[in-house]
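Per chain, numbering begins at 1; letters A, B, ... match sequence-line order.
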Amino acid sequence: MLRKKMLRDLKENKGTYLACIVVMILGIMVFTAFSLVVDNLKISQKSFYTEQNFADGFAQVEALPFSAIGNLQNIKGIKQIEGRIVKDVQVYAPQSQENIYLRLVSMDPSKENRLNDFLLEKGTPLSNKTMNIWVDNKFFEAQNLKLNDKLEIIVNGKIRELKVVGFGKSPEFIYALRTTADLYPSPETFGIAFVPIEIMEKIFVTGVYNDLVFSLEPGVDFEDIEDTLEYKLKPYGLRSLIPRKDQVSHSLLEMEITSLETMARVMPVMFLGIAAMILYITLKRLIEQQRGQIGILKAFGYTRGEILSHYLSYPLVIALSGSFIGGILGIILAGPFTSMYRLFFNMPEAPDNFSILYLILGIVLSLTFALGAGYQGCKNILKLEPAQALRPPSPPSGRRILLERIPFFWNMLTVQGMMAVRNISRNKGRSFFIFVGIMFCFAITAFTWSMNDLIQKMLFDQYEKVEVYDLKISLSQSVDAKAVSRELSSFPGVNRAEPMAEIPVTLKNKWLEKDVVILGLPPNSHLYNILDAEGNSVELPDKGILLSERLASLLNASLGTKLNVDTPLIEDWDSTKQVEVRGIIPQYVGINAYMNINALQEFLKAGPLATSFMLTTEKERVIPLKEKYRESALVASIEAKEESFKKLQELMASYGSFIYIYALIGVIIGFAIIYSSSVITVSERSRELASMMVLGMTPAEVLSVVTFEQWFLGLGAMIAGIPMSKLMLTGIAQAIESDIFSMPVVISPTSYLLALIITAISIWLAQQAAAGKIKKLSLVEVLKERE
Amino acid sequence: METIMVAKNLTKTYQMGEVKVEALKEASFELYKGELVVVLGPSGSGKSTLLNIIGGMDQATSGELYYLNKPLHTANSKELTLYRRHDVGFVFQFYNLMPNLTAYENINLAAQIAKDPLPIKELLEKVGLANRADHFPSQLSGGEQQRIALARALAKNPQIMLCDEPTGALDFTTSIQVLKLLKDFSTSYGKTVVVITHNTAIAQIADRIFYLKDGRLVKIEHNPNPLPPEKVTW
Ligand SMILES: Nc1ncnc2c1ncn2[C@@H]1O[C@H](COP(=O)(O)OP(=O)(O)OP(=O)(O)O)[C@@H](O)[C@H]1O
Ligand SMILES: [Mg+2]
């Protein structure tokens, strides 16, 4: 019998319960989908790392004789160490517009159980006897290669032919970036190739390693062996020594997983919290409305438990249906989501994990929220005695509120306005709910828009305002800046050529130290602008160094701090040499220090050296220029900025669609909250509202009492949403800050404006939906009832 | 006497699933300016139904109804709202005051949408509650609330005042006070007042008495010498 009553009650308030279920579905869907994606990625990552024996540490050296490896293997704590030859080369592809690069990584085909072993998907084993290679599968696809195709590379100005005998994946290049400035993998222009060590020696005419990978004994930390290893590698020209956690591919994968994990936790809690609040206020209202019925049930002899469980069956039904649908949707979505991540993260697919677990977890989660909220809403039943229940609740009593003390404000209001404002304190719980809900709605939208804004700004500013050159030619060794400048400038179509020195150094402030690259730029550079937070150009000082904000904070350096500089580039370097910090500037992508190139040259006592050149050219001269220098042994790479920029724009376009999803989520939340609270308000105050209609007020005027209250609260909530969105952004900025990215915490006025518009639209839509309820109020019926 | 409202064969039927309930059957009558009409009849005889139709809160299933020659039976909800807004005042057995507006503000709520409102202060004095202007309904007794509700209806200065058992929940003295105010409104302002009651004694103050039975307007009785409200006893 009671089940019938429940179904009818649910039907009567179907709009509200539907809103609640939708919010719950969203929450559980996000929970299930993201949790599954995280699991899929983690499982793939873990099994890939284990099976391919992924290294715990990485080092780059100038030259390490093959024979020196044995000595390093003896270091206590090191389980396995392997030397490699790693070289970046250009692919000879005259028909291609862009330069294509290949990172050649040596491997020993005769060795078993290699570190960072290649997972061959298709092909034949490598042989030390022929010019054969394996390439990564993304590159293989992007270049339309077939097995046994020939790939021509340019080494020291000569073309060498390599035969592709297999393709597959490497745990070291899950997220394959040529340089960290690239931000995203681009298999069209960059790939990884594995080359037998003897072939490598032959191609490069070398007998030394320049790269090391090692694994650690269980229980040993990188820090434990760092000093020993550093000491032992120093004589071989140590360039960098990093633990796995700083390895580019690994750290970007970890960053993505962490942020997905955060989302998988925070978003569902938010959605479920909102669904719970809707349930709470709806049930509380229902109990009030059905006091009489409860009294009669009690008088009949139903126990409190029976009645309570009857009312708790409402949230039960809602939670079960919401979480079931949400869970199923989440499971369905997890597949395409994971595939999307696999586009960027090149890992073998792990078998899908047991998804029922998250379905059950989702149900438990939503039941907890729903029953908790339901119980809070219903617990008054327990207190009611039958006789008391049959009596109507004591009438609401009006009270004056604090705002009335402000005559200027109060006198501006119509009588409906006064009612509305007083109503805010009439049902504090609900007002709080509306407030919090709108605040979230506003904050989420402001936050996401400004995220979008910032990322655009961070990336586009780099291309449009900072690096204003057309071409950048990176050299494979340092050269005399003046001579090469002269040569480049005389190339037809080149308007301007400026040298740049990129010097890897270790900066130290007391015990703090950081490996970075100092960019040496010409004073008053026309092609590279250093900008302050406001976007104004910063002059390079004649002496001293500029640090990026993050670098400054990592080194705990401020203006005037003297930093010790160590560089592997120069032999017999006097590591007590110091340079003074003369400025701190924001840098969003990467982490660098900047010096006047002349000052840098003088500091290094290395003559007029340059490691790359920036050029502005006439558009049609780009290709001849590339063609001319592509095969030069001196040129490591030629980067045309327009191409990188175009690709970035494409990438950002797909990122943009995420923003709309967030905006939609904001609208749904705002709508659900306002709709459900409007419907409840209308039902609770139906008598008052009907009386106003009897007085001859139009439905619109009557609605305005409810809407005025909501707008009033909404305005306050939106103002509170401003610091809230800042907080969210700060949280995210701190979470994702790394050597690759740092994010300024600024929210643009446009973001606020957009958030305001979106929030207002969702409030307005919900009010229109609720207005129908007012039109349907039957005056005759409502007023017939006893008060 | 000037006719303000004409009703011809008003019928109201409610469809309750299979069953039809005829709450009002072919009621025809006129209402005049400045008169006080009392509607008498047993419970369920259709009194409230009739009053709601006259007041534009509800519409008849068939029949015609004219207010100052304007048809109300064909009016849409917007026109009915305007009619209620400018021409009708309602008082119910339960007062239906806004709980979070003070007495004064409750009256003002009605006054601010009227074309030609009566001054609120005067009304408060008339109902004898000038000193209670700033009180909220929960701080007033039932009788006081009913008088505020009456003042609120009067504030719009309506042509027709409709009262559904206005004294139903009141004691004797308060009832007389309310009736005096209604009588006064019809005589000194020349407005039409229709009062539903179960109390036959009250019918003595009426100019005319409508008798309803089973939805039929069975009799309309003229009372050439209405009793002043203060003389009524029960
Ligand atoms: N919404 C409705 N649906 C069905 N029947 C209704 C409805 N409203 C009223 N009725 C019926 O119409 C008839 C007249 O009702 P009405 O309320 O007009 O009586 P009344 O004379 O005002 O009675 P009372 O003195 O008890 O207030 C009754 O039989 C009632 O059952
Ligand atoms: Mg009645």
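Looking at B/Asn52, only its side chain comes within 4.5 Å of chain A, counting heavy atoms on both sides. For B/Asp164, no part sits under 4.5 Å from any heavy atom of chain A, backbone or side chain. In this structure, chain A has no heavy atom under 4.5 Å from any part of B/Thr49. With a threshold of 4.5 angstrom between heavy atoms, B/Gln112 approaches chain A through side-chain atoms but not through N, CA, C or O. At a 4.5 Å heavy-atom cutoff, the contact between B/Leu109 and chain A is made by backbone and side-chain atoms alike.
To the nearest 0.5 Å, atom CE of residue B/Met57 and atom CE of residue A/Met693 are 10.0 Å apart. From A/Ser691, atom OG reaches atom CZ of B/Phe92 across 7.0 Å, with rounding to the nearest 0.5 Å. How far CZ of A/Arg687 is from CG of B/Leu97: 10.5 Å, rounded to the nearest 0.5 Å. Note that the CD atom of A/Glu701 and the OG1 atom of B/Thr81 stand 9.0 Å from one another [nearest 0.5 Å].
Judged by distance alone, the side chain of A/Arg422 and the main-chain N or O of B/Asn100 form a donor-acceptor pair under 3.5 Å. The main-chain N or O of A/Leu695 is never found under 3.5 Å from a side-chain atom of B/Arg85 such that the two would form a donor-acceptor pair.
Shown here is A/Trp711, whose CH2 atom has more than 12 heavy atoms of other residues, nucleotides or ligands within 6.0 Å. Heavy atoms from other residues, nucleotides or ligands lying under 6.0 Å from CG of B/Asn76 number more than 12. For A/Phe432, the CZ atom sits in a loose shell: 12 or fewer heavy atoms of surrounding residues, nucleotides or ligands are nearer than 6.0 Å.
Side-chain contact between A/Met692 and B/Met98: present, with at least one pair of heavy atoms (C-beta onward) separated by less than 4.5 Å.
When the candidates B/Arg152, B/Lys78, B/His86 are compared by the number of heavy-atom contacts under 4.5 Å with chain A, B/Arg152 comes out ahead.
Taking the ring-ring contact (aromatic ring centres under 6.0 Å, His included) definition, one finds that A/Phe435 meets it with nothing, sequence neighbours left out.
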